[in-house]
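Residue numbers start at 1 and run along the sequence shown. Atoms considered below: every heavy atom in the structure, side chains included; atoms not considered: hydrogens, waters and symmetry mates. Remember, it's 1-based here, ligands and their atoms both numbered in the order they're listed.
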Amino acid sequence: MRRITLIPGDGTGPEIVEAGARVIEASGARVEWDIQKAGAKVMDEYGTPLPQHVLDSIRTNGVALKGPITTPVGSGFRSINVALRKELDLFANLRPAKTIEGVRAPYRDLDLVVVRENTEDLYIGIERKVSEDKAESLKVITRGASERICRFAFEYARKEKRRKVTVVHKANILKCTDGLFLEVARQVAEDYPDIEFEERIVDNMAMQLVQKPQLYDVMVMPNLYGDIISDLCAGLVGGLGVAPSGNIGEGIAVFEPVHGSAPKYTGMNKVNPTAFILSGVLMLRHIGEEEAADRIFRAVSEVIKEGKSVTYDLGGEAGTSQMADAIIERMN
Ligand code: NAD
């Protein structure tokens with residue numbers, strides 16, 4: 001049995017996590033849960049939304065599956081998601097975007113993966129107000145971080161039998177920073193002659209993804225472009241309800257849906273568990289439970305295609321737990 005840290009999260013998190021955990025248990029995957037609470041509700045007890053024992057659990061188990069956590073706007077604690085990525089050095093953000101028949105989306109048959117560098121670029125947050133009328137922000141790109149993310153993308157492509165990696169950049173303008181990222185990507189690509197390699201400037205990439213996304217496969221890019229392009233890709237396949245993600249480091253990984261805690265629906269058994277379940281599928285592939293992952297993906301696709309037991313956002317009337325029940329029934 002592989003022990004997985006399971007974090008229920010805030011808002012609608014506990015409902016989708018309960019539903020998703022049942023689906024994973026029913027798939028035959030050899031996993032057991034180490035349930036750890038983090039977020040707004042543990043603040044009173046531990047004085048922090050991310051207690052040390054939660055981090056210890058993830059470090060010990062090496063893998064976590066997480067529900068969304070509310071981040072207070074303006075004041076209050078910093079985003080736990082950002083803190084987790086920093087603390088555990090989860091340098092790669094993996095964002096697959098695959099069409100599921102029955103989900104309303106502009107395209108059919110898309111199977112894209114965005115690999116986003118997660119630790120540097122403009123997101124290091126070194127900014128300053130120079131004067132009332134001028135502000136500036138530092139963009140940092142290093143050879144080390146660029147190399148590990150590019151290598152991650154190629155290794156992922158090889159493992160998942162993908163045909164192509166596209167590096168996305170703006171090196172025509174940002175010659176030093178994106179120029180370095182591109183230089184490193186080209187060098188890394190030479191070590192993977194079995195995988196096609198190509199380069200795209202980020203603005204052109206955005207247009208091409210809207211017009212002919214079928215041309216693309218795995219895409220690797222610095223943090224800011226990855227943030228934007230990965231949401232664009234999620235939109236191409238149907239949006240938040242079906243978008244999973246993984247944050248991956250050396251020997252450690254945290255999987256979670258892209259969406260937030262949708263607080264207005266808390267306790268209503270209403271929101272779509274699919275993004276969380278598909279994050280579980282990513283997690284299972286990560287730990288080598290390919291069969292269980294395939295079984296779940298197939299069952300989710302069938303339930304959505306049939307359209308009878310789906311949540312409101314997919315045009316149905318089922319609740320979170322009823323949709324999970326239908327998926328479990330399909331696997332039996
Ligand atoms: P959100 O994703 O929670 O919700 C936006 C809207 O999208 C919802 O009102 C709902 O209509 C819809 N939606 C979201 N998830 C859905 C689902 N599974 N099924 C059906 N509909 C769904 O975004 P928000 O309102 O901007 O954020 C709410 C809170 O979540 C904030 O505190 C934010 O910081 C946090 N958040 C957490 C994470 C995370 O934990 N990784 C990610 C994003 C936002």
field: Under 4.0 Å to a heavy atom of N81 - the qualifying atoms of ligand 1, by number
entry: 37 (C), 38 (C), 39 (C), 40 (O), 41 (N)

- request: Could you tell me whether R285 and E289 make a salt bridge, using a distance below 4.0 angstrom between a side-chain N and a carboxylate O?
  value: no

task: Determine, using heavy atoms of A275 and all atoms of ligand 1, whether some pair is separated by less than 4.0 Å.
output: no

query: Within a strict 4.5 Å, meaning less than it, do heavy atoms of the V115 and N93 side chains meet?
result: no

Structural part of K270 in contact with ligand 1, heavy atom criterion under 4.0 angstrom: neither

- prompt: Which option out of F276, Y312, Y265 puts a heavy atom nearest to atom 22 (C) of ligand 1?
  reply: Y312

query: Under a 4.0 Å N-O cut-off, is there an ion pair linking E147 with R143?
result: no

- request: Measure from NZ or CZ of K164 to the centre of the six-membered ring of F197, then state whether that distance is under 6.0 Å and the direction lies within 45° of the axis.
  value: no

- request: Enumerate the atoms of ligand 1 whose separation from the nearest heavy atom of L240 is less than 4.0 angstrom.
  value: 2 (O), 7 (O)

message: Under 4.0 Å from a heavy atom of D313: which atoms of ligand 1 are those, numbered in the order shown and with their elements?
response: 20 (C)

message: Is it the case that the side chains of S57 and D34 hold a donor-acceptor pair, with the cut-off being a distance below 3.5 Å and no angle test?
response: yes

field: Per-atom contacts of ligand 1 with I69, taking only distances under 4.0 Å to non-hydrogen atoms
entry: 35 (C), 36 (N), 37 (C), 39 (C), 40 (O)

field: Ring geometry between Y192 and F154 (parallel below 30°, tilted from 30 to 60°, perpendicular above 60°)
entry: parallel

- line: Here the gap from R2 atom CZ to W33 atom CH2, rounded to the nearest 0.5 Å, amounts to 11.5 Å

message: With rounding to the nearest 0.5 angstrom, report the CD1 to CG distance, I304 to N272.
response: 6.5 Å

statement: The option among G260, G67, G11 carrying the non-hydrogen atom nearest to atom 43 (C) of ligand 1 is G260

- prompt: Any idea which atoms of ligand 1 are less than 4.0 Å away from a heavy-atom of T70?
  reply: 32 (O)

task: State the atoms of ligand 1, each with its element, that fall below the 4.0 Å cut-off from a heavy-atom position in V258.
output: 42 (C), 43 (C)

- prompt: Which one of A262, A243, P273, P257 has a non-hydrogen atom at the shortest distance from atom 4 (O) of ligand 1?
  reply: A262

- prompt: Any Lys/Arg nitrogen of E291 or R295 sitting under 4.0 Å from an Asp/Glu carboxylate oxygen of the other?
  reply: yes

message: Between S131 and D133, is there a side-chain donor-acceptor contact under 3.5 Å, judged purely by atom types and distance?
response: no

- line: Within 4.0 Å of some non-hydrogen atom of P263, the atoms of ligand 1 are 28 (C)

Where ligand 1 meets K264 - atom numbers and elements under 4.0 angstrom, heavy-atom basis: 9 (O)

- prompt: Among L314, D10, T274, T71, whose heavy atom sits nearest atom 33 (C) of ligand 1?
  reply: T71

field: From the candidates H259, E15, E256, the one that places a heavy atom nearest atom 15 (N) of ligand 1
entry: H259

